[in-house]
Number of protein chains: 2
Amino acid sequence: MDTRSICLGVLSMGEATGYEIKKLFEEGPFSHFYDAGYGSIYPALGKLLEAEQVTCRVEAQAGRPAKKVYAITDAGHEVLAGALHEEPAIDHIRSEALVMMFFGHKLSADQRARVLDKYHGHYAKVLAGLHELDTSREGFGRQFVHGFGLAIYETAVRYLEEHGDEFLDGKTANDKIGAEQ
Amino acid sequence: MDTRSICLGVLSMGEATGYEIKKLFEEGPFSHFYDAGYGSIYPALGKLLEAEQVTCRVEAQAGRPAKKVYAITDAGHEVLAGALHEEPAIDHIRSEALVMMFFGHKLSADQRARVLDKYHGHYAKVLAGLHELDTSREGFGRQFVHGFGLAIYETAVRYLEEHGDEFLDGKTANDKIGAEQ
DNA sequence: ATAACCATGTAAATGGTTACATGATTAG
DNA sequence: CTAATCATGTAACCATTTACATGGTTAT
């Protein structure tokens, strides 16, 4: 399940260009559990084309760069089905922001604010994107994953909003209890 | 903020071996937001040693392989402080399981059950590990990040338990509403 | 018996990020 | 006028994963 397989998956929903696929990872229905840049999407599409798992049609556009519209082939559908029946790997999660927050006592107040703010901003933005998606007419898989994303990102944003001050002030839950007593 | 910096961070909390660092990522306080295997930890420690950001002491053990206990140096502390004041990158998240679930309609019932079960098992295991941690005497950063992890992983496990059947049965929320009417 | 744990490491292969390269159109 | 959007791609660099290599002890 590398970028190639995900691209096949996206193309199984309909034709798309590399640029459009990137947007799905940035703002669309994949934004909360997958990311890939142009530097990995374009080479992936190139390899899929070589392997004849996709076809490519060039569309000229007036006053715009030409598009390359990719479509999945029968061979591509087979490879995708195979990839979807492998053992899924454990989620890859790597959060630099959480590492920084973990070592919050080593951060300046400025940096604490910057890190928290950026983190909250990102989660809020992804959450807003999820809210804009309407999956009510989509299949059960998309609905399930969409609901999962909503649940998680809502929890994350709420936590950051409710507990952010403790982090910024450098207060622990203990400090708060002590102050109340 | 690559594996080298995180290793420095871990070592800023006390001496450790590569094996112990790995365990922190697997089961310990980093398990919910970072992972790295031996293949990236050992080389990272090697480079830190070369750069004199850590020292290394070999400890022989009876009936056990010898340990290499690493400790952070002053230079290491400086590099760590610098790394902690950079701009944090956006979280890297890549979930093969969610990709598979997204395409649930292309999965056999067997594979749906396998994927869901593995996913739930992993989240439940990390959550159990988080519950076992007592951060009440730790600094505000660790408490904040621990609380964040608990909130997120509890939400995830609950969602999978409450909505898993819909995914296994291939039913959408719409189908359910329809059945109730 | 068998699996899991302790404990290290390297080499090859894979894969991903970043920087470079181009350039017109449109919205603010 | 400035930034963002549309649209593609490559080359160099960097990081990570996987497979290989070793082997005694302890718990089930």
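So you know, we letter chains A, B, ... as the sequences are listed, proteins then strands, and number each from 1. Please read these numbers as outputs of a predicted model, since none were measured by experiment.
Between the side chain of A:D91 and the backbone N or O of A:I93 there is no donor-acceptor pair closer than 3.5 Å.
The side chain of B:T3 places an N or O atom within less than 4.0 Å of a non-bridging phosphate oxygen (OP1 or OP2) of D:dT16. OP1 or OP2 of C:dA7 lies within a sub-4.0 Å distance of a side-chain N or O belonging to B:Q61.
Through direct or relayed side-chain contacts under 4.5 Å between Ile, Leu, Val, Met, Phe, Trp and Tyr, B:V69 connects to no other residue.
Side chains of A:D110 and A:S108: a donor-acceptor N/O pair is absent below 3.5 angstrom, by distance only. Donor-acceptor pairing under 3.5 Å is recorded for the side chains of A:H131 and A:E154.
Whole-Å rounding puts the A:Y70 OH to D:dA7 P distance at 14 Å. Rounded to whole angstrom, the span from the CG atom of B:D35 across to the P atom of D:dA15 amounts to 16 Å. Per the geometry, CZ belonging to B:R57 stands 17 Å off C1' belonging to C:dT8, to the nearest Å. One interatomic measurement links the two molecules: CE of A:M1 to P of C:dG15, which rounds to 13 Å at whole-angstrom precision. Remark: P of D:dT8 and NZ of A:K67 are 8 Å apart, rounded to the nearest angstrom. The distance from atom CG of B:D2 to atom C1' of D:dC14 is 10 Å, rounded to the nearest whole Å.
We find the CZ-CD1 distance between B:F33 and B:I6 to be 8.0 Å, quoted to the nearest 0.5 Å. Distance check, rounded to the nearest 0.5 Å: CG of A:L133 to CD of A:Q143 gives 12.0 Å. The distance from atom CD1 of B:I152 to atom CG of B:L127, rounded to the nearest 0.5 Å, is 11.5 Å.
Between its opening and closing five pairs, the helix from C:dA1-D:dT28 to C:dG28-D:dC1 changes axis direction by 70°, a value rounded to 10 degrees.
Ring geometry, A:Y34 versus A:F25: the interplanar angle falls from 30° to 60°, so the pair is classed tilted.
Taking the side chain as every heavy atom from C-beta outward, B:L98 and B:M101 approach each other to under 4.5 Å. Under the 4.5 Å side-chain criterion, counting only non-hydrogen atoms from C-beta, B:H32 is in contact with B:V145.
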Side-chain donor/acceptor pairs under 3.5 Å, residues 51-58 of chain B, sequence neighbours excluded:
residue : atom : partner : partner atom : Å
B:R57   : NH1  : B:E59   : OE2          : 2.4
B:R57   : NH2  : B:E15   : OE1          : 2.4
B:R57   : NH2  : B:E15   : OE2          : 3.0

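Annotation: ring pair (Phe, Tyr, Trp, His ring centres under 6.0 Å) contacts involving residues 45-64 of chain B, sequence neighbours excluded, are absent. Applying the ring pair (Phe, Tyr, Trp, His ring centres under 6.0 Å) test to residues at least two apart or on different chains, none of the pairs has a partner in residues 66-95 of chain A.
Within residues 4-25 of chain A, the residues approaching DNA chain D are A:T17, A:G18, A:Y19, A:K23, by heavy-atom distance under 4.0 Å. Across residues 37-53 of chain B, B:G39, B:S40 each have a non-hydrogen atom less than 4.0 Å from an atom of DNA chain D (numbered order). Contact check of residues 77-94 of chain B against DNA chain C (heavy atom, cut-off under 4.0 Å) returns B:H92, B:R94.
Scored by the ring-ring contact (aromatic ring centres under 6.0 Å, His included) test, A:Y42 finds A:Y38 as partners (sequence neighbours excluded). For A:Y159, the ring-ring contact (aromatic ring centres under 6.0 Å, His included) partners at least two apart in sequence or on another chain are A:H163, B:F144, B:F148. For B:H122, the side chain to side chain donor-acceptor pair (under 3.5 Å) test picks out no residue, with sequence neighbours left out.
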Does the protein touch nucleotides 20-28 of chain D at the base, only the backbone, or not at all? Give it as B, S and - per nucleotide, heavy atoms under 4.0 Å. ---B-SS--
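A:A36 comes within contact range of no nucleotide atom at all, as no heavy-atom separation falls under 4.0 Å.
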